[in-house]
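Here the structure is laid out as structure tokens; the discussion comes afterwards.
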Amino acid sequence: MNRLLDQWVEEGRDIKHPQLQFFVKQLRAYSRFNHALQVSEWMSKENLHLTTGDIAVRLDLIAKVHGLNEAEKYYGSISDTSRDFKVYGALLNCYAQHNYVEKAEAIMKKMIEYASKHPTDLVVSYNTLLKLYVRVGEYEKMDALMQEMKEKDIYDSVTFNNRLNAYVTTEDIDGMEKLLAQMEADPRVNVDWLTFSTAANGYIKAGQFEKSLAMLKKSEQLIKGNMRRVAYESLLSLYAAIGKKDDVYHIWNMCKNLNNSRNSSYICMLTALAKLDDIEGAERILEEWESGNTCFDLRIPNVIVSAYCKNGLLEKAEAYIERLEKNDKKLDGRIWDCLARGYSKCSDMDKAVQTMKKAILTGGSGWKPYPFTLAACIEHLKGKGDLELALEFLRMCMERGHFSAATYDRLLSYVNGEISEPKALDLMKGDYDLKSDEVPDGEK
């Protein structure tokens with residue numbers, strides 16, 4: 001990216017600061033954070049005067065590309081005169097994204113101090129901290145912060161929606177209903193489609209499907225403007241969760257008629273139909289996607305293969321994967337992981353082992369194999385006495401970061417018969433954060 005910009009200037013063409021800011025904005029919108037950071041760094045190299053907004057954006061990009069430690073180093077290099085509300089806000093968002101509560105609270109104090117000298121609207125920053133408290137389960141701090149916001153009269157709709165999410169997370173239906181009534185009565189709070197879809201999700205978790213349906217109908221009536229696609233995609237999942245197939249198709253017909261069909265919409269629709277075990281419907285949607293002008297997205301084949309395997313349609317899953325390979329589509333670990341799970345569910349463990357091996361070999365960074373299938377494969381190999389392949393599995397997982405050193409050592413002792421742990425899964429729980437009574441989805 002820097003070479004292209006250098007070449008552009010060397011050829012005598014001009015490039016202005018606002019154009020570079022626009023490039024960075026567009027690259028961030030498409031999650032091309034590395035390229036966006038390169039443009040941001042080029043701006044400094046050319047001695048362009050960076051605004052505090054430019055600095056805040058770079059801080060965020062560094063955190064995304066190089067990690068929080070590097071972002072903190074960059075923050076330390078910023079002069080005091082350039083540390084304004086935007087820069088503090090960028091660092092607050094970084095801490096919130098990494099669930100660093102104490103650091104987020106510390107930077108929030110600096111923002112409050114800054115606001116006391118420079119009149120600034122704090123509500124967005126307060127909401128960021130509030131959302132962090134909800135995510136990490138700090139409900140007492142959340143309530144205290146919300147009370148502080150009310151006393152300072154700086155709350156808004158987002159404030160209440162964050163609190164509503166907390167009630168949903170804790171399955172406190174009484175609290176959710178009381179808050180919802182307060183929101184509807186408060187003229188300052190904009191009760192929109194998201195509010196009612198959040199409440200619908202709370203009722204779903206509580207098994208109150210009729211109340212959930214009523215909330216979804218209210219939500220549907222409030223969908224408008226640029227949020228239509230996001231809203232429709234959300235409702236597809238929620239209607240599927242309560243088994244309302246007709247409503248799923250009703251929402252889909254509105255969603256697909258928006259300008260420019262997107263892969264995200266097809267993923268949501270296919271996932272909803274998979275949840276409803278509507279394989280024929282999913283195949284029609286898949287055919288529609290394949291015949292359209294949308295770019296190839298491996299997440300969509302992953303959904304259909306997972307649906308096939310969930311319903312025991314392994315021949316269909318195999319045939320579809322074979323067709324993808326013939327068309328030179330690059331497959332990754334996730335799709336092989338789905339197929340291995342299907343084989344394991346149907347007790348074809350030899351195929352599960354071979355397919356899981358493909359998954360491990362082709363899996364990208366940030367991905368881990370499905371622990372229940374992986375554990376079943378290790379147990380199968382141990383049971384049949386194929387220790388060589390079992391050890392190869394463990395070695396591959398260790399090299400790719402799927403196991404910690406301690407877990408690797410325990411599993412090594414397990415396959416060698418040196419410890420009597422009844423299941424490989426019990427030895428993997430620390431790395432996969434599994435609860436002792438957790439049961440794989442679809443196998444309960």
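Worth saying up front: this structure is predicted, and the values here are computed from it rather than measured.
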query = Is the side chain of Ser197 donor-acceptor paired with the backbone N or O of Leu194 at a distance under 3.5 Å, no angle test?
reply = yes
remark   = d(Ile242 CD1, Leu216 CG) to nearest 0.5 Å is 5.0 Å
inquiry  = Would the distance check show the side chain of Glu233 and the main-chain N or O of Cys268 forming a donor-acceptor pair, the cut-off being under 3.5 Å?
reply    = no
ask   = Counting N and O atoms only, with roles assigned by atom type, does the side chain of Asp348 sit under 3.5 Å from a partner on the main chain of Ser344, one being a donor and the other an acceptor?
value = no
inquiry  = Run the salt bridge (charged side-chain N to carboxylate O under 4.0 Å, His left out) test on Arg262 and Asp297 for me, step by step, so that the C-alpha distance in whole Å, both residues' side-chain angles and the decisive distance to 0.1 Å come before the verdict.
reply    = CA-CA 10 Å; Arg262 294 186 184 175; Asp297 188 330; over 6 Å; no
query = Between Tyr266 and Trp252, does the ring centroid distance fall short of 6.0 Å?
reply = yes
Any pair counted as side chain to side chain donor-acceptor pair (under 3.5 Å), so long as it reaches residues 100-114, sequence neighbours left out = Glu72-Lys103, Glu105-Tyr133, Glu105-Lys141
message = Test your reading of the model: is there a side-chain donor-acceptor pair from Asp192 to the backbone of Thr195, 3.5 Å cut-off?
response = yes
task = Name all pairs fulfilling the ring-ring contact (aromatic ring centres under 6.0 Å, His included) condition that reach into residues 155-177, sequence neighbours left out, sorted by first residue then second.
result = Tyr155-Phe160
request  = Output the distance between atom OH (Tyr408) and atom CE (Met398), rounded to the nearest 0.5 Å.
outcome  = 7.5 Å
message = Rounded to the nearest 0.5 Å, what separates atom CG in Leu238 from atom CG in Asn201?
response = 5.5 Å
ask   = Can you tell me if Asp337 uses its side chain to pair, donor with acceptor, with the backbone of Tyr370 under 3.5 Å?
value = yes
ask   = When you check the side-chain N and O atoms of Tyr308 and Glu315, is any donor under 3.5 Å from an acceptor?
value = no
request  = For residues Ile62 and Tyr75, determine if any side-chain heavy atom of one lies less than 4.5 Å from a side-chain heavy atom of the other.
outcome  = no
ask   = Under a 4.5 Å cut-off applied to non-hydrogen side-chain atoms, are Glu177 and Tyr203 in contact?
value = yes
task = Evaluate side-chain contact (heavy atoms from CB on, under 4.5 Å) for Lys256 paired with Met269, printing each intermediate quantity in order.
result = CA-CA 10 Å; Lys256 73 177 182 179; Met269 181 57 175; over 6 Å; no
ask   = Are side-chain heavy atoms of Ile279 and Ile304 found at a separation under 4.5 Å?
value = no
inquiry  = So does Arg334 get a backbone contact from the side chain of Asp332, meaning a donor-acceptor N/O pair under 3.5 Å?
reply    = yes
Residue pair Ser40 / Arg58, side-chain donor-acceptor N/O under 3.5 Å = yes
inquiry  = I need the minimum non-hydrogen distance between Cys309 and Ala317, along with the two atoms involved.
reply    = SG-CB, 4.1 Å
Glu220 versus Tyr239, side-chain donor and acceptor atoms under 3.5 Å = yes
ask   = How about Leu427 and Ile419: do any of their side-chain heavy atoms sit closer than 4.5 Å?
value = yes
message = Is it the case that over 12 heavy atoms from other parts of the model lie below 6.0 angstrom from the NZ atom of Lys217?
response = yes
request  = Without swapping roles, check the side chain of Lys345 against the backbone of Gly312 for a donor-acceptor pair under 3.5 Å.
outcome  = no
query = To the nearest 0.5 Å, how far apart are SG in Cys377 and CE in Met356?
reply = 5.0 Å
Basic-acidic side-chain contact under 4.0 Å: Lys429, Asp426 = yes
task = Take Asp431 and Lys368, measure what salt bridge (charged side-chain N to carboxylate O under 4.0 Å, His left out) needs, and give me the verdict at the end.
result = CA-CA 10 Å; Asp431 287 347; Lys368 280 190 174 186; 5.6 Å; no
message = Evaluate Arg323 against Glu318 for salt bridge (charged side-chain N to carboxylate O under 4.0 Å, His left out), listing each step before the verdict.
response = CA-CA 9 Å; Arg323 178 157 65 88; Glu318 291 167 339; over 6 Å; no
inquiry  = If you count heavy atoms of other groups shown closer than 6.0 angstrom to NZ of Lys86, is the number above 12?
reply    = no
inquiry  = For Asn253, is the CG atom crowded, meaning more than 12 foreign heavy atoms sit under 6.0 Å from it?
reply    = yes
Closest non-hydrogen atom pair between Leu374 and Cys397, with its separation = CD2-SG, 3.9 Å
query = Do side-chain atoms of Lys205 reach the backbone of Val168 as a donor and acceptor pair under 3.5 angstrom?
reply = yes
query = Got Ser237 and Thr271 here, is their nearest side-chain heavy-atom distance under 4.5 Å?
reply = no
Evaluation steps, salt bridge (charged side-chain N to carboxylate O under 4.0 Å, His left out), between Glu325 and Lys330 = CA-CA 7 Å; Glu325 289 186 304; Lys330 186 177 180 181; over 6 Å; no
task = Please name the pair of heavy atoms, one in Gly202 and one in Met176, separated by the smallest distance, quoted to 0.1 Å.
result = CA-SD, 4.1 Å
ask   = Got a donor-acceptor contact below 3.5 angstrom from the Ser82 side chain to the Ile78 backbone?
value = no
note = Note: Leu92 and Ala104 closest approach over all heavy atoms is CD1-O, 3.5 Å
query = How far does CH2 of Trp289 sit from OG of Ser265, to the nearest 0.5 angstrom?
reply = 13.5 Å
Short side-chain donor-acceptor distance under 3.5 Å, Asp409 and Tyr414 = no
message = So for atom NZ, which belongs to Lys131, do other residues, nucleotides or ligands contribute more than 12 heavy atoms lying within a distance under 6.0 Å?
response = no
ask   = Are a donor atom and an acceptor atom from the side chains of Thr407 and Ser404 found within less than 3.5 Å of each other?
value = yes
message = For Glu287, is the CD atom crowded, meaning more than 12 foreign heavy atoms sit under 6.0 Å from it?
response = no
key: Closest approach of Ala200 to Met215 (non-hydrogen atoms, all atoms of both residues)   = CB-CB, 3.7 Å
ask   = How about His118 and Asp84: does a side-chain donor come under 3.5 Å of a side-chain acceptor?
value = no
task = Find out whether Val158 and Val124 are in side-chain contact, i.e. whether some heavy atom of one side chain is under 4.5 Å from a heavy atom of the other.
result = no
message = Taking CG in Asn327 as the centre, count heavy atoms belonging to other residues, nucleotides or ligands within less than 6.0 Å. Is the count above 12?
response = yes
query = Are Asn99 and Arg135 close enough that a side-chain donor and a side-chain acceptor fall under 3.5 Å?
reply = yes
task = Kindly compute the distance separating CZ (Arg228) from SG (Cys255), expressed to the nearest 0.5 Å.
result = 10.0 Å
inquiry  = Which residue is it: Leu129, Thr159, Asn162? I am looking for the one with a side-chain contact (heavy atoms from CB on, under 4.5 Å) to Leu145.
reply    = Leu129
query = Could you walk me through whether Tyr249 and Asp278 pass the side chain to side chain donor-acceptor pair (under 3.5 Å) check?
reply = CA-CA 11 Å; Tyr249 279 102; Asp278 183 2; 2.7 Å; yes
inquiry  = Taking the side chain as everything from C-beta on, heavy atoms only, tell me whether Asp156 gets closer than 4.5 Å to Arg188.
reply    = no
request  = Could you tell me whether the side chain of Leu298 reaches within less than 4.5 Å of the side chain of Lys329, counting heavy atoms only?
outcome  = no
ask   = Is a donor on one side and an acceptor on the other found under 3.5 Å between the side chain of Thr355 and the backbone of Lys351?
value = yes
